[in-house]
Visitor: 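Take this structure first; my questions come after.
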Amino acid sequence: MAEPLKIAGLSLPFELPSLRMLAVPVFILLTLAMMMLPLPPLVLDLFFAFNIALALVVLLVSAYTIKPLDFAVFPALLLMTTLMRLSLNIASTRAVLTHGHTGTDAAGKVIESFAHFLIGGNFAVGLIIFAILTVINFVVVTKGAGRIAEVSARFALDSLPGKQMAIDADLSAGQIDEKEARRRRLEVTQEADFFGSMDGASKYVRGDAIAGILILVINIVGGLAIGLFEHNLTLAQASKNYVLLAIGDALVAQVPSLIISMAAGLVVSRVGREEDLGGQLFGQLFKLPRALGLSAVVMGLLGVIPGMPHVAFLALAAGFGYGAWRVQQAILKAAEVVPAPAEKAPDSNEATWSDVNPVDIMGLQLGYRLIGLVDQEQGAPLLMRVKGVRKKFANEVGFLPPAVHIRDNLDLQPSQYRVLLRDVVVGTGTVNAGMLFAIDPGHAQQKLSGQQTVDPAFGLTAYWIDTNQRDHAQSVGYTVVDAATVMATHLHQLMQSHAARLLGRGEVQQLLDHANRHANKLGEEVVPKLIPIALFQRILQNLLDEGVAIRDLRSILEVLSEQAPRTQDEGELTRAVRLVLAPAIVQQIYGQVQELNVVAIEPQLESLLMQAMTPGSTNALEPGVADLLSRAVSDAQAAQENQGYPACLLVPDAIRVPMARFLKKITPRMRVLGHSEIPDTHAIRIGRLIGEV
């Protein structure tokens, strides 16, 4: 923790940064200093030793890392270590070319030791070893690690939307909380960023290897030139000093570079998130006694062949055989410890309650080409539209609908979607994510050059067009929207038509809680004191089933508080609520007009319907009359809508409910009102008479 700076007992208004905060800036400044300033041999030795030690620490941390994100700083560390090696190359090159004529210790003891101990002072051996190390580092380790990082980055980015959808699904199902969901979202995003950074960071090592080759050539050529022409050394003496120093310098830099490359390979090639590399290695490589036993047999056979090194092969055969015996004994010992039958763990193939997944109340399934519409990096336009749909539904209908669970479904066509209500498909459609949807509202002036289709929400003629046709389509009278809006509009229309099924017991309880907060606990006085919550739910569902909004919950509760002591009949209570909501129902259908253009029934036909449909009547509606009524109502609905009027049928109160149920499956857009539901402030004009000859 940083503390205020105190000098002579006075506290200054700023704090000293901690050592951890200073580490990286100081490291960068030292790296720049090594490039610019000449360093004495002792300092070079310290920096070379630190470079080797740091490389070993990075390698060991990589080996003990459980998952790549545990070492997320590795790409930045790779850049820093590469810059440090190059800075040391520059500093050592300056020392070699400046003081190389004085002897092989001109650039410090580390370079001299590498030049003599590792290669024995032989130029050819040094060059060959350097070339081999460079090939191993550049061609084998770095290229493989870079390819793994590239593929991992690509797959991490491609799977990001699916992983986010899976997290949202677990959150919606209640398997995780919001905190865990945020942590998982952050983890998948960081994983994609990590492999993307590793893909680029692997280029540092490749560039470092190329730079090492060039620096070696420059040191050899420059050193020989300086030794021969500036210091007048013989070719043998110049070669001994400068070439040996150049090779030693190259090896000192190449060994840590190879170690860091190995660390990069270990990090990006990790699979599994439960144990480190050593645990995985011994847990998976040496867990089968048969594999070890067969290897021991083969090594033993090779060991008895004449001319073979018997001691080495037979010793390995004995070691592998002993290992196979130990593993087999461990397996047998574990098998002997059998738990009691009452405490026996269930078979992994046995069905459990965890296999029973809750059914989503509202679901939206997408083909794989539509997954981009819910991708956070692309703005997730569909998610934003769905949120808007739920908010609009709540404002219009009067209760908050359940969350829409969005999932991908590979069984669907690539551009297909479908809407499910309690796992039952209630709507389906196909959209083109990269195109626009031009809808003909009925007065478009011409056809468009695109794929003709039908609006899934309202059945209007529409076209899929390219984005550059937007202005032309709008100019000739089309309404142009994107694919996400098409799906959201269809979802909204389906939610409106199935509003009664969306109102579950939980939503009813939330409505009552909301009423108690804003209506002086009126809900507690009615439910469950006067009517049970199940009856209250059915009354609300009856209203929603006929398209009546329940936003005015205060009026609904007030009329129920008056009528409930008199009757508990569901139909009577629903009728009483409709009478109170009649002005709102009429306004919802007609808007703010005083004259209502309605469809009525011819008196004789109305009398016949009264006899057949009145509750408790023993007469039945004849099939011929039912067919005639169906066709007449359909024609009346079409005529009203063509003239710009709402399709509304006015009938006597006694047959309003059975008439509404009869017409719902035939003409769902035809609303049915009773005579008593017309407010006194409105006039009636009969626009069409059903049954008129």
Visitor: Compare every heavy atom of G398 with every heavy atom of L511, then report the nearest pair and how far apart it is.
Guide: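 Reported closest heavy-atom pair: CD2-O, 3.4 Å.
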
Visitor: How close do T453 and F437 get, counting heavy atoms only, and between which atoms?
Guide: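 Looking at all heavy atoms of both residues, the shortest contact is CG2-CE1, 3.4 Å.
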
Visitor: Assess the residue pair F393 and F399 against the criterion (ring pair (Phe, Tyr, Trp, His ring centres under 6.0 Å)); give the C-alpha distance rounded to whole Å, side-chain angles, the decisive distance to 0.1 Å, and a yes or no.
Guide: CA-CA 8 Å; F393 180 91; F399 73 93; 5.3 Å; yes

Visitor: About how many Å separate CD1 of I589 and CZ of R671, when rounded to the nearest 0.5 Å?
Guide: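 If we round to the nearest 0.5 Å, R671:CZ and I589:CD1 are 4.0 Å apart.
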
Visitor: Does one side chain, of R688 or Q640, offer a donor that lies under 3.5 Å from an acceptor on the other?
Guide: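 R688 vs Q640: no donor-acceptor pair found between side chains.
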
Visitor: Around Q452, counting heavy atoms of other residues, nucleotides and ligands shown, do more than 12 lie under 6.0 Å from its CD?
Guide: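 Yes - once you tally the heavy atoms of other residues, nucleotides and ligands closer than 6.0 Å, there are more than 12.
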
Visitor: Using side-chain heavy atoms (C-beta onward) and a distance below 4.5 Å, is P652 in contact with M610?
Guide: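 In short, these two side chains touch, coming nearer than 4.5 Å.
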
Visitor: Work out which heavy atom in V672 is nearest to a heavy atom in E677; give both atom names and the distance.
Guide: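 That would be O-OE1, 4.4 Å.
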
Visitor: L596 versus L673: any side-chain heavy-atom pair under 4.5 Å?
Guide: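 No, their side chains stay 4.5 Å or more apart.
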
Visitor: Would you confirm whether D466, through its side chain, and N468, through its main-chain N or O, come within 3.5 Å as a donor-acceptor pair?
Guide: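 Checking the backbone N and O of N468 against the side chain of D466, no donor-acceptor pair under 3.5 Å is found.
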
Visitor: Spell out, as yes or no, whether a donor-acceptor pair under 3.5 Å connects the side chain of E525 to the backbone of L522.
Guide: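 Side chain of E525 to backbone of L522: no pair is present.
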
Visitor: Verify, without hydrogens or angle tests, whether Q537 (side chain) and L503 (backbone) share a donor-acceptor contact under 3.5 angstrom.
Guide: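 The answer is yes, because a donor-acceptor pair under 3.5 Å joins these two groups.
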
Visitor: Is any side-chain heavy atom of V397 less than 4.5 Å from a side-chain heavy atom of M495?
Guide: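 Result no, sub-4.5 Å side-chain heavy-atom pair not found.
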
Visitor: So if I apply the side-chain hydrogen bond (donor to acceptor under 3.5 Å, both in side chains) rule between T428 and each of Q416, Q413, Q365, which one comes out positive?
Guide: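 That would be Q416; it is the only one of Q416, Q413, Q365 passing the side-chain hydrogen bond (donor to acceptor under 3.5 Å, both in side chains) with T428.
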
Visitor: Using the salt bridge (Lys or Arg N to Asp or Glu O under 4.0 Å) criterion, which residues pair with E546? Sequence neighbours excluded.
Guide: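 Per chain and number, E546 pairs via salt bridge (Lys or Arg N to Asp or Glu O under 4.0 Å) with R578, R656.
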
Visitor: For A462 versus D455, what's the shortest heavy-atom pair and its separation?
Guide: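 Looks like CB-N, 4.3 Å.
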
Visitor: Hey, what do you get for CG (L421) to CG (L494), rounding to the nearest 0.5 Å?
Guide: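 So the gap between those two atoms works out to 9.0 Å.
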
Visitor: With a 4.5 Å limit on heavy-atom distance, are the side chains of E558 and V580 in contact?
Guide: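 The answer is no; the side chains never approach within 4.5 Å.
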
Visitor: Identify the heavy atoms of A515 and L553 that sit nearest to each other, and give their distance.
Guide: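 Minimum heavy-atom contact is CB-CD2, 3.7 Å.
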
Visitor: Locate the shortest heavy-atom distance separating E572 from T567; write the atom from each residue and the value.
Guide: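 The pair with the smallest heavy-atom distance is CB-CG2, 4.2 Å.
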
Visitor: Side chains of D408 and V374, heavy atoms from C-beta outward: is any pair under 4.5 Å?
Guide: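 No; the side chains remain at least 4.5 Å from each other.
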
Visitor: Check for a donor-acceptor pair, side chain of R551 on one end and backbone N or O of N395 on the other, with a separation under 3.5 Å.
Guide: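 Yes; at least one donor-acceptor contact below 3.5 Å.
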
Visitor: Got a sec: does the CZ of R669 have more than 12 other heavy atoms crowding it under 6.0 Å?
Guide: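 Incorrect, the count does not exceed 12.
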
Visitor: I'd like to check the salt bridge (Lys or Arg N to Asp or Glu O under 4.0 Å) partners of R184; sequence neighbours left out, ordered by chain and number.
Guide: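 Partners of R184 by the salt bridge (Lys or Arg N to Asp or Glu O under 4.0 Å) criterion, ordered by chain and then number, come out as D170, E180.
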
Visitor: First locate atom CG of L370, then atom CG of L412, and finally report the distance between them rounded to the nearest 0.5 Å.
Guide: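 Answer for the CG-CG pair, L370 versus L412, is 9.0 Å.
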
Visitor: Determine yes or no for a side-chain-to-main-chain donor-acceptor pair under 3.5 angstrom, with Q588 supplying the side chain and G547 the backbone.
Guide: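 Confirmed, Q588 side chain pairs with G547 backbone.
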
Visitor: Please round to the nearest 0.5 Å and tell me the distance separating atom CZ of R661 and atom CD1 of I655.
Guide: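 The CD1 atom of I655 is 13.5 Å from CZ of R661, to the nearest 0.5 Å.
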
Visitor: Under 3.5 Å, which donor-acceptor pairs link side chains of residues 623-630 to any protein atom two or more places apart or in another chain?
Guide:
residue, atom, partner, partner atom, Å
D627, OD2, R631, NE, 3.1
D627, OD2, R631, NH2, 3.2
S630, OG, A626, O, 2.8

Visitor: Could you check if a side-chain atom of L383 sits within less than 4.5 angstrom of a side-chain atom of Q376, using non-hydrogen atoms only?
Guide: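 Result yes, sub-4.5 Å side-chain heavy-atom pair found.
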
Visitor: Would you indicate whether the side-chain heavy atoms of L373 and L366 approach each other to under 4.5 Å?
Guide: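 Result no, sub-4.5 Å side-chain heavy-atom pair not found.
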
Visitor: How about CZ on R554, more than 12 heavy atoms from neighbouring residues, nucleotides or ligands closer than 6.0 Å, or not?
Guide: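 No, not enclosed.
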
Visitor: Within this structure, what is the CG-CG distance for the pair L491 and L364, rounded to the nearest 0.5 Å?
Guide: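 It comes to 6.5 Å.
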
Visitor: If you measure only the distance, is there a donor-acceptor pair under 3.5 Å linking the side chains of Q563 and R566?
Guide: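 Note: Q563 and R566 side chains meet the donor-acceptor criterion.
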
Visitor: What is the distance from atom OG1 of T485 to atom NE2 of H490, rounded to the nearest 0.5 Å?
Guide: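 Going from OG1 on T485 over to NE2 on H490, the span is 14.5 Å.
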
